[in-house]
There are 2 protein chains.
Amino acid sequence: MSRPPGKAPPKFRRYSPEVRAQMLVEAGLRVLGRGGITAFTIDNICAEAAASRGLITHHFGSKDGLLAAVYRAAYRPVLDSLDDAGTGAPDLGELIERSFRPDNFTRESLNIWLALWGEIAVNPQLLTEHRKLYAAYRATMEGAIRRAAQAAGRRVEADRLAVTVISLVDGLWLEQCIDPSVMTPAEAKAACLALITPVLGPLGVAGEGNGTGPNS
Amino acid sequence: MSRPPGKAPPKFRRYSPEVRAQMLVEAGLRVLGRGGITAFTIDNICAEAAASRGLITHHFGSKDGLLAAVYRAAYRPVLDSLDDAGTGAPDLGELIERSFRPDNFTRESLNIWLALWGEIAVNPQLLTEHRKLYAAYRATMEGAIRRAAQAAGRRVEADRLAVTVISLVDGLWLEQCIDPSVMTPAEAKAACLALITPVLGPLGVAGEGNGTGPNS
DNA sequence: ATTGCTATTGTACATCCGTTCAACAGGACG
DNA sequence: CGTCCTGTTGAACGGATGTACAATAGCAAT
């Protein structure tokens, strides 16, 4: 018996646990990006992943288990951007360049991080994960700042300055994601550099003369 | 019949609509601060306000109506801090001083703002409100920066710098609220000033070294 | 006191939530 | 062809959620 032409519903698809887990994590990420933590429900996620309702419990134990996995998945790209595979630690200009890539400046990523930060307050395990990422971010930034200061022949408190620069980058990201009409990612980067260069001297950033005019 | 001594439940309390509305808004604020948007439910809010389940619908039409009111209530203190009653516009040092007051640096206020920012994505009306506040904030900051630059005899792009300084302040606030172990509010203020002074010159900020002012 | 107005209450209801679980389907191996 | 094994399904359940609504209780005016 041939299948009716209009409908071809493959009701049963079998994947390896790793593949299926990743499918669910990515679906969770999309759902979170679209509607925030309120939309992060079993029904929404499973519909997004084209899976049945029982699968999240089966693969992650509970919805919170999936959320923890989503958390780690959201962190990975950030961690990956912190070190170049093989070529060593990125310098400050490169670090800032990456931070202001337009793909990060989306409403989706804002929704994801608002939800995850909100969960930190409830789930202490996530706070631990957050600290791991933050420590890595801070150490990388501190090293980059130290090298930049040395190259410019300046003395700075690299450890404190690292925290400040991270806050500045995140703050610019936050404001721009909440209301994109405030500025473009390129303007945000220029604004960031405008505050850093008086302290560290000019950085060799590609496309630096974007908003500030050709010469002084 | 005299009331039993152990229990005195006044089941029926009557308030004017304005008073009751404010009670519900404040209860909503507390609930939001305690558990984020997930805890913002009819049952939680009414229990917190010691009111019955029907009251939110009666006074605000729906739960979203209450959330909009909560939104406005959360904005008011920020707006109030932007101008001194009678004495004119605050200067830059005063503005920064207020931004880093420890009462703002709490998990509760973080939860509130994470929830509200998340709602902006869904409710366009809230985006309009947000822009009103941001415009006021930005204008005040721009004026303060322009006066500070003039006093220091420096030339700056006050409009762009205002956006940057706001982002820096908010970024420091965000990082510190997510994980208070990163720094204290006083350190956050110092870090903020460390990035601003190279551009604008030293600001006459009261309590720059954590002195609360002379005795009297 | 009586009446009218309205803030308030608590139940009812339809929907949605997360989790459990028995049954099922597709390979792998003999 | 038969038999495990395991990923998958979808119904079922108890509980929570937002709203509607009829009944109730205080308060002011008469």
Side-chain angles (χ1 to χ4, degrees), chain A residues 1 3 7-28 31-32 34-71 115 118-119 122-123 125, chain B residues 1 3 7-28 30-32 34-71 115 118-119 122-123:
Chain A
M1 293 219 258
R3 199 170 309 200
K7 301 198 167 190
K11 295 194 141 201
F12 199 102
R13 275 307 259 121
R14 197 187 194 86
Y15 296 96
S16 74
E18 302 80 31
V19 170
R20 180 67 87 172
Q22 185 172 350
M23 291 171 65
L24 290 171
V25 166
E26 285 173 0
V31 165
L32 222 46
R34 194 182 309 136
I37 195 67
T38 308
F40 194 78
T41 67
I42 299 278
D43 283 337
N44 277 347
I45 300 161
C46 289
E48 179 72 28
S52 66
R53 287 170 51 75
L55 269 192
I56 288 177
T57 307
H58 182 255
H59 284 283
F60 295 94
S62 69
K63 197 182 80 160
D64 281 340
L66 173 62
L67 186 58
V70 166
Y71 201 88
E119 283 304 305
V122 177
N123 190 337
Q125 184 184 350
Chain B
M1 298 252 291
R3 201 172 310 218
K7 301 197 166 190
K11 297 193 138 199
F12 202 105
R13 280 299 266 123
R14 198 187 192 87
Y15 296 96
S16 75
E18 303 80 35
V19 170
R20 179 67 87 174
Q22 185 172 351
M23 291 171 65
L24 290 171
V25 165
E26 286 173 0
R30 282 194 298 273
V31 164
L32 223 45
R34 194 182 309 136
I37 196 66
T38 308
F40 194 77
T41 67
I42 299 278
D43 282 338
N44 277 347
I45 299 161
C46 289
E48 179 72 27
S52 67
R53 289 170 48 75
L55 269 192
I56 289 177
T57 306
H58 182 253
H59 284 284
F60 295 94
S62 69
K63 198 182 80 160
D64 281 341
L66 173 62
L67 186 58
V70 166
Y71 202 87
E119 283 304 305
V122 178
N123 190 337

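So you know, we letter chains A, B, ... as the sequences are listed, proteins then strands, and number each from 1.
When rounded to the nearest whole Å, the span between CG of Asp64(B) and P of dT17(D) equals 16 Å. Rounded to whole Å, the distance from CD1 on Ile42(A) to P on dA12(D) is 19 Å. The separation between Asp43(B) atom CG and dG15(D) atom P is 15 Å, rounded to whole Å. One interatomic measurement links the two molecules: NZ of Lys63(A) to P of dC17(C), which rounds to 9 Å at whole-angstrom precision. One atom, CZ of Phe12(B), and another, P of dG26(D), lie 6 Å apart when rounded to the nearest Å. Taking atom CZ on Phe60(A) and atom P on dG7(D), their separation rounds to 13 Å, with Å as the unit. Atom CD1 in Ile45(A) sits about 10 Å away from atom P in dC17(C), given to the nearest Å.
Residues Arg14(B) and Ile56(B) each lie close to DNA chain D; by heavy-atom proximity, the contact nearer the 5' end of the strand is made by Ile56(B). With the nearest nucleotide of DNA chain C identified for both Thr38(A) and Thr57(A), Thr38(A) has the one nearer the 5' end.
Within 4.0 Å of Phe40(A), counting heavy atoms only, lie sugar-phosphate atoms of the nucleic acid but no base atom. Within the 4.0 angstrom heavy-atom criterion, only backbone atoms of the sugar-phosphate kind lie near Thr41(A); the bases stay farther away. Residue-level contact check: His59(A) touches the backbone only, with heavy atoms under 4.0 Å from sugar-phosphate atoms and none from bases. Ser62(B) comes within 4.0 angstrom of sugar-phosphate atoms only, judged by non-hydrogen atoms across all strands, and of no base.
Within the 4.5 Å cutoff, no side-chain heavy atoms of Glu119(A) are placed close to those of Tyr71(A). Inter-residue side-chain proximity for Asp64(A) and Asn123(A) is flagged as unmet; no heavy-atom pair is nearer than 4.5 Å.
Inspection of the Glu18(B) and Gln22(B) side chains reveals no N or O donor paired with an N or O acceptor under 3.5 Å.
The phosphate of dT24(D) has neither OP1 nor OP2 within less than 4.0 Å of any side-chain N or O from Lys11(B).
Checked against dG18(C), dT19(D), dT8(C), the side chain of Arg20(B) finds its nearest nucleotide in dT8(C). When distances run from any side-chain atom of Arg53(A) to the nucleotides dA11(D), dA12(C), dT17(D), the shortest one goes to dA11(D). In this structure, the nucleotide among dT8(C), dG18(C), dG10(D) sitting nearest to the side chain of Ser52(A) is dG10(D). Distances from the side chain of His58(A) to the nucleotides dT8(D), dA11(D), dT9(C) place dT8(D) closest.
Exactly one residue among Thr38(A), Ile37(A), Val122(A) makes a side-chain contact (heavy atoms from CB on, under 4.5 Å) with Thr38(B). That residue is Ile37(A).
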Checklist entry - Which is it for Glu48(A) and Arg34(A) under the side-chain contact (heavy atoms from CB on, under 4.5 Å) test, yes or no, and what are the steps along the way? => result CA-CA 11 Å; Glu48(A) 179 72 28; Arg34(A) 194 182 309 136; 2.8 Å; yes
